[in-house]
Amino acid sequence: MTDQRITSTPIDPVKLDRLAEVAVKVGLGLRPGQDLLLTAPAIALPLVRRIAVHAYKAGVGIVTPILSDEEMTLARYRHGHDNSFDRAAGWLYEGMAKAFADNTARLAIVGDNPMLLSGEDPSKVARASKANSMAYQPALEKIVNFDTNWNIIAYPSPSWAKQVFPNDSEEVAIGKLADAIFAASRVDREDAMANWASHNAVLRERTNWLNGQRFRALQYAGPGVDLTIGLADGHEWEGGASLSKNGISCNANIPTEEVFTTPHCRRVYGHVVSSKPLSYQGTLIDNIAVRFEDGRIVDAKASRGAEVLNKVLDTDEGARRLGEVALVPHSSPISQSGLLFYNTLFDENAASHIALGQCYSKCFVNGSQLTPQQIAAQGGNQSLIHIDWMIGSAETDIDGILADGSKVPVFRKGEWAK
């Protein structure tokens with residue numbers, strides 16, 4: 001019965017196994033003796049099991065999985081006491097932070113229904129999110145600072161698949177989303193490992209060029225966009241494989257098409273309109289339009305989800321400032337798929353984007369040696385949130401501004417100018 005069910009699944013077991021192998025070897029670069037902390041929706045157990053197999057084959061010490069469940073999440077919102085939404089399991093995140101400090105690798109599998117909380121009380125969602133963000137800080141700091149090697153991948157759950165392909169039967173939708181995930185993750189062919197090596201080389205070539213330019217700022221022009229993003233003092237571009245502080249090279253996101261760095265949180269000016277919707281905790285926020293003065297969003301609108309957007313912006317002082325700027329060509333495979341995944345892991349790789357909130361300390365020259373105070377002095381932002389949203393399109397032009405004020409073409413019509 002079990003074998004028959006596996007054979008008839010709409011998810012290709014060979015490609016699923018390949019994704020697990022790539023996650024362990026390319027995403028994490030897992031080292032013998034390292035422990036692995038893994039979080040995933042319970043529905044993703046087939047992928048979790050394959051990851052465990054490849055991790056143990058790679059010599060992992062202990063694999064510790066933590067599973068979530070959509071029905072249990074909904075039970076909290078529908079039956080939980082009101083004061084519980086201002087609390088979070090801080091003990092769990094403190095344990096995670098200790099694990100990461102002890103060189104445990106981190107793997108997250110995403111796949112929950114992106115609109116799961118769309119019918120729940122938005123104030124409860126916002127309160128729970130803020131409490132969770134605050135409690136998660138000890139662990140998040142280890143991740144954003146690349147203290148350990150980490151990776152995020154995706155699994156095609158039925159609820160997510162039906163969001164992306166609402167007009168198809170559940171089985172067909174799952175199969176389509178699985179194929180899209182495999183293609184975007186570059187495991188849809190046998191030479192996945194070699195493909196990732198080649199892809200990382202291209203991204204490294206881009207970051208090397210950008211780091212050689214030492215731009216002071218990026219200037220964006222296009223429909224609805226007139227924006228200048230100052231870059232942090234001593235910023236460094238990253239993309240593809242990165243070296244974590246424990247000396248292990250990892251690809252934090254699978255898929256990834258971006259090169260990114262830290263903007264100067266006090267030197268952003270102008271206005272910009274989102275080019276794709278942002279799916280955030282069950283709300284689709286569309287046509288985001290913001291205006292910056294001295295790095296801070298002073299005016300924000302959205303044709304849909306405006307209330308949620310403004311709650312996000314009021315999270316803390318840093319929520320209205322930028323923590324990341326990323327360049328993605330319009331010709332990226334995810335953009336060319338024409339799909340809205342309702343998941344930032346994928347949607348951010350369809351277009352150039354910016355992120356509200358916390359910066360990455362790794363995106364500084366000698367970032368591992370800088371204190372939080374030094375990072376802030378150089379323009380790095382601090383916040384409880386980090387939320388990416390897309391601003392690039394086939395009509396976007398981007399110029400790099402040098403220290404003397406001269407301009408160098410970076411993007412023309414959504415593509416690399418060089």
Side-chain angles (χ1 to χ4, degrees), residues 39-45 66-93 108-137 139-140 152 154-167 170 173-174 177 274 276-288 300-316 319-320 340-348 355-358 383-390:
T39 59
I43 194 72
L45 264 175
I66 300 175
L67 304 180
S68 60
D69 176 72
E70 292 183 3
E71 290 301 319
M72 290 184 68
T73 299
L74 290 175
R76 179 189 185 191
Y77 284 92
R78 293 172 183 175
H79 308 293
H81 291 289
D82 184 72
N83 61 5
S84 74
F85 295 97
D86 297 310
R87 299 178 54 214
W91 57 270
L92 175 63
Y93 298 131
I109 300 175
V110 298
D112 280 332
N113 179 0
M115 307 304 286
L116 181 66
L117 302 179
S118 60
E120 305 309 314
D121 183 341
S123 81
K124 288 182 177 180
V125 174
R127 287 163 57 200
S129 175
K130 185 171 183 177
N132 200 60
S133 294
M134 293 175 67
Y136 189 47
Q137 280 302 296
L140 180 63
I152 307 175
Y155 182 83
S157 70
S159 57
W160 180 21
K162 283 295 290 179
Q163 286 292 332
V164 181
F165 300 101
N167 298 322
E170 183 176 282
I174 292 170
L177 181 57
S274 62
K276 294 179 182 292
L278 166 65
S279 177
Y280 180 73
Q281 294 188 342
T283 297
L284 202 64
I285 308 175
D286 205 0
N287 295 313
I288 300 171
K301 301 175 183 175
S303 63
R304 180 179 178 183
E307 180 183 357
V308 172
L309 173 63
N310 282 291
K311 283 184 181 295
V312 167
L313 294 176
D314 289 338
T315 301
D316 54 28
R320 289 181 176 267
L340 178 65
F341 284 84
Y342 297 90
N343 186 298
T344 301
L345 177 63
F346 291 82
D347 292 334
E348 73 170 3
L356 303 172
Q358 180 66 40
S383 176
L384 291 173
I385 67 167
H386 181 94
I387 301 173
D388 301 88
W389 51 285
M390 287 56 73

Here the pair of heavy atoms bringing Phe341 nearest to Val164 is O-CG2, 3.8 Å
Will you find, in the side chains of Thr344 and Asp388, an N or O donor that is under 3.5 Å from an N or O acceptor?
no
Can you name the closest pair of heavy atoms from Ala319 and Ser383 and give their distance?
N-OG, 3.6 Å
Using a 6.0 Å cut-off, check whether atom CE of Met134 has over 12 heavy atoms from anything other than its own residue.
no
With sequence neighbours left out, the residues meeting side chain to side chain contact (heavy atoms under 4.5 Å, CB included) with Asn287 are Ser303
Do Ser129 side-chain atoms and Ala126 backbone N/O form a donor-acceptor pair below 3.5 Å?
no
Output all residues satisfying side chain to side chain contact (heavy atoms under 4.5 Å, CB included) with Asn167, sequence neighbours left out; order by chain, then residue number.
none
Between Thr283 and Pro122, is any pair of side-chain heavy atoms under 4.5 Å apart?
no
Check this for me: does any side-chain nitrogen of one of Lys124 and Asp86 sit under 4.0 Å from a carboxylate oxygen of the other?
no
Run the side chain to side chain contact (heavy atoms under 4.5 Å, CB included) test against Glu307 and tell me which residues pass, sequence neighbours left out.
Lys311
Check for a donor-acceptor pair, side chain of Ser157 on one end and backbone N or O of Trp160 on the other, with a separation under 3.5 Å.
yes
Salt bridge (charged side-chain N to carboxylate O under 4.0 Å, His left out) partners of residues 69-79, not counting sequence neighbours, each pair once:
Arg78-Glu120
Side-chain donor/acceptor of Asn310 to backbone N/O of Ala306, under 3.5 Å:
yes
Hey, are the side chains of Pro158 and Ile43 touching, using non-hydrogen atoms and a 4.5 Å cut-off?
yes
With sequence neighbours excluded, tell me which residues meet side chain to side chain contact (heavy atoms under 4.5 Å, CB included) with Leu45.
Val48, Arg49, Leu67
State which residues pass side chain to side chain donor-acceptor pair (under 3.5 Å) with Tyr280; sequence neighbours excluded, sorted by chain then number.
none
Could you pull out the closest heavy-atom pair between Val110 and Leu345, with the gap in Å?
CG2-CD2, 3.9 Å
What are the two closest heavy atoms between Asp112 and Ser159, and how far apart are they?
C-OG, 4.4 Å
Listed partners of Phe85 passing ring pair (Phe, Tyr, Trp, His ring centres under 6.0 Å), at least two apart:
Tyr77
If you measure from CG on Asn343 to CD on Gln163, what distance do you get to the nearest 0.5 Å?
12.0 Å
Using a 4.5 Å cut-off on heavy atoms from C-beta on, say whether the side chain of Ile109 contacts that of Thr39.
no
Any residue meeting side chain to side chain donor-acceptor pair (under 3.5 Å) with Asp314, in chain and number order, not counting sequence neighbours:
Arg320
Please name all residues satisfying ring pair (Phe, Tyr, Trp, His ring centres under 6.0 Å) with Tyr136, sequence neighbours left out, ordered by chain then number.
Tyr93
When you look at Phe165 and Ile174, which way does the side-chain contact (heavy atoms from CB on, under 4.5 Å) test go after all the steps?
CA-CA 9 Å; Phe165 300 101; Ile174 292 170; over 6 Å; no
Hits for side chain to side chain donor-acceptor pair (under 3.5 Å) against Thr315, two or more places apart or cross-chain, chain-then-number order -> none
State which residues pass ring pair (Phe, Tyr, Trp, His ring centres under 6.0 Å) with Tyr155; sequence neighbours excluded, sorted by chain then number.
none
Is there side-chain contact between Leu384 and Gln137, with at least one heavy-atom pair below 4.5 Å?
yes
Side chain to side chain donor-acceptor pair (under 3.5 Å) partners of Ser68, counting only residues at least two apart
none
Test side-chain contact (heavy atoms from CB on, under 4.5 Å) on Tyr342 and Leu284 and set out the steps.
CA-CA 8 Å; Tyr342 297 90; Leu284 202 64; 3.8 Å; yes
